[in-house]
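Read through the structure below, which is laid out as structure tokens, and then see the notes.
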Amino acid sequence: MKPCKVKICGIHLPEEIHIINSLEPDYIGFVLAPSKRQVTVEQVRSLSKKVKPTIPKVGVFVNPKIPEAANLLIEGVIDIIQLHGQEDLAYIHDLKSYVEANTGPLQYPWILKAIRIEQASDVDKAACFAKQVDKNCFRLLLDGKSPGSGQSFDWQLLKGFPEEYLLAGGLSPENVAKAIGLLNPMGIDVSSGVEMPREDHPGETIKSEERIKALYEALEKGKTE
């Protein structure tokens with residue numbers, strides 16, 4: 001079984017950066033779209049400077065204008081653009097052209113396109129989408145119908161899926177071993193599943209070092225099941 005990459009998303013507090021730098025996940029995600037974990041461009045510029053340079057930084061967008069997302073990557077504020085809206089193949093082509101006109105071809109997958117999975121037809125759509133893009137710059141993220149809600153979906157729908165992808169949607173230390181044992185995705189994307197209530201801030205949450213460590217332990221368990 002291949003090693004499973006880990007993306008910890010929804011980072012929005014300076015205190016969380018210390019945890020990320022200590023545990024060194026494969027990716028860190030900043031949400032620049034409406035969400036309780038949304039950050040501004042100014043906040044991303046500030047927070048990203050504190051992240052270890054060895055941890056790739058992902059900016060999460062929903063239907064952004066191309067320069068809005070691309071310029072942060074071109075400037076080096078983020079390393080990967082994650083798209084969570086209705087961005088189609090034409091958009092992906094135009095985004096790639098815009099970025100590479102300013103940077104030249106990038107030597108890693110820097111576009112992460114999220115597709116929501118509710119039924120078998122969505123799985124077919126995702127596979128078709130992946131077949132029509134440049135794999136040198138593109139990866140899929142397969143999520144549930146309500147991204148950021150902490151809700152998972154029927155993982156059985158993805159059994160035998162032919163393309164590499166990151167799995168998202170309600171993943172936590174409690175269920176990730178089952179997901180990995182069933183699907184063996186190239187990576188996972190976790191946010192609310194590794195959070196705990198924030199002291200002195202009722203109704204708010206923060207990433208938990210203990211929960212992230214528990215996630216890694218569960219991943220190891222999933223590899224052996």
Side-chain angles (χ1 to χ4, degrees), residues 1-13 15-31 33-39 51 55-58 60 62 80 82 84 112 114-119 122-123 126 139-159 161 164-199 201-225:
M1 184 177 285
K2 295 180 181 178
C4 182
K5 295 184 180 297
V6 175
K7 174 172 171 274
I8 304 297
C9 199
I11 299 300
H12 63 293
L13 299 168
E15 305 96 290
E16 295 175 320
I17 301 295
H18 173 74
I19 296 171
I20 293 299
N21 285 340
S22 173
L23 299 180
E24 296 191 73
D26 297 282
Y27 310 99
I28 175 178
F30 300 106
V31 180
S35 162
K36 65 180 182 180
R37 304 174 188 86
Q38 182 177 8
V39 289
V51 179
I55 304 174
K57 300 175 289 291
V58 182
V60 181
V62 174
I80 296 170
Q82 180 174 323
H84 252 283
L112 188 58
I115 295 182
R116 302 180 187 187
I117 304 297
E118 297 184 55
Q119 54 197 359
D122 298 323
V123 179
R139 287 291 184 271
L140 278 175
L141 184 145
L142 303 181
D143 202 346
K145 65 178 180 179
S146 302
S149 68
Q151 298 178 355
S152 60
F153 59 95
D154 183 3
W155 296 326
Q156 293 285 346
L157 291 169
L158 296 180
K159 288 199 73 173
F161 189 76
E164 287 192 323
Y165 65 96
L166 273 73
L167 179 67
L171 293 171
S172 70
E174 290 74 30
N175 65 11
V176 74
K178 180 179 178 181
I180 297 305
L182 179 68
L183 300 176
N184 190 26
M186 69 165 288
I188 58 169
D189 187 341
V190 185
S191 183
S192 61
V194 291
E195 291 179 343
M196 60 184 293
R198 191 179 177 197
E199 293 183 7
H201 291 77
E204 296 185 19
T205 57
I206 187 171
K207 296 296 181 287
S208 162
E209 183 171 2
E210 292 75 18
R211 295 282 293 167
I212 298 174
K213 287 180 177 178
L215 182 83
Y216 278 110
E217 291 172 2
L219 279 174
E220 290 300 317
K221 179 181 177 183
K223 292 175 187 176
T224 59
E225 289 188 344

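Since we're looking at a predicted model, the values are computed, not measured.
Using a 4.5 Å cut-off on side-chain heavy atoms (C-beta onward), D122 and F153 make no contact. The shortest side-chain heavy-atom distance between C9 and Y27 does not fall under the 4.5 Å cut-off. Inter-residue side-chain proximity for E16 and I28 is flagged as unmet; no heavy-atom pair is nearer than 4.5 Å. Residues L167 and L158 form a side-chain contact, since some pair of their non-hydrogen atoms from C-beta on lies under 4.5 Å apart.
Side chain of H201 to main chain of E199: a donor-acceptor pair is present (N/O by atom type, distance under 3.5 Å, no hydrogens or angles).
Scanning both residues, I180 and C4, for their nearest heavy atoms gives CD1-SG, 3.6 Å. Scanning all heavy atoms of the two residues, the minimum distance from L142 to A126 falls at CD2-CB, 3.9 Å. Counting all heavy atoms, side chain and backbone alike, A168 lies closest to L141 at CB-CD2, 3.6 Å. I55 and P25 make their closest contact through CG2-O, 3.7 Å (heavy atoms, listed as atom of the first residue, atom of the second, distance). Of all non-hydrogen atoms in T205 and L13, the two that sit nearest each other are O-CD1, 4.2 Å. For the pair A177 and A218, the tightest heavy-atom approach, listed with the atom from each and the gap, is CB-O, 3.4 Å.
Note: L171 CG to S191 OG = 11.0 Å, rounded to the nearest 0.5 Å. Taking CD1 of I115 as the reference point, atom NE2 of H84 lies at 10.5 Å (rounded to 0.5 Å). Here K36 contributes atom NZ and S192 contributes atom OG; the two are 7.0 Å apart, rounded to the nearest 0.5 Å. One distance of note links CD1 of I206 with CD1 of I19; it measures 5.5 Å at 0.5 Å rounding. Interatomic distance, OG of S22 versus CD1 of I17, reported as 12.5 Å (0.5 Å rounding). Distance check: E217 CD to I212 CD1 gives 12.5 Å after rounding to the nearest 0.5 Å.
Applying the side-chain hydrogen bond (donor to acceptor under 3.5 Å, both in side chains) rule to K7 yields the partners Q82, D189; only residues at least two apart in sequence or on another chain are considered. Remark: A214 engages P173 in a side-chain contact (heavy atoms from CB on, under 4.5 Å) (not counting sequence neighbours). Q156 meets the side-chain contact (heavy atoms from CB on, under 4.5 Å) test with D154, K159, L182; sequence neighbours excluded. Not counting sequence neighbours, the partners of E195 by the salt bridge (Lys or Arg N to Asp or Glu O under 4.0 Å) test are R37, K207. E209 pairs by the salt bridge (Lys or Arg N to Asp or Glu O under 4.0 Å) definition with K213, not counting sequence neighbours. Applying the side-chain hydrogen bond (donor to acceptor under 3.5 Å, both in side chains) criterion to E15, with sequence neighbours excluded, gives R198. Residues satisfying the ring-ring contact (aromatic ring centres under 6.0 Å, His included) criterion with Y165, sequence neighbours excluded, are F161. E174 meets the side-chain hydrogen bond (donor to acceptor under 3.5 Å, both in side chains) test with S172, R211; sequence neighbours excluded. For the side-chain contact (heavy atoms from CB on, under 4.5 Å) test, residues two or more places apart in sequence or in another chain that qualify with M186 are K5, R139, E164, L166.
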Can you check side-chain contact (heavy atoms from CB on, under 4.5 Å) on I188 and L219, steps first, answer last? CA-CA 10 Å; I188 58 169; L219 279 174; 3.9 Å; yes
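Sorted by first and then second residue, the salt bridge (charged side-chain N to carboxylate O under 4.0 Å, His left out) pairs with a member in residues 17-31 read E24-K52; sequence neighbours excluded.
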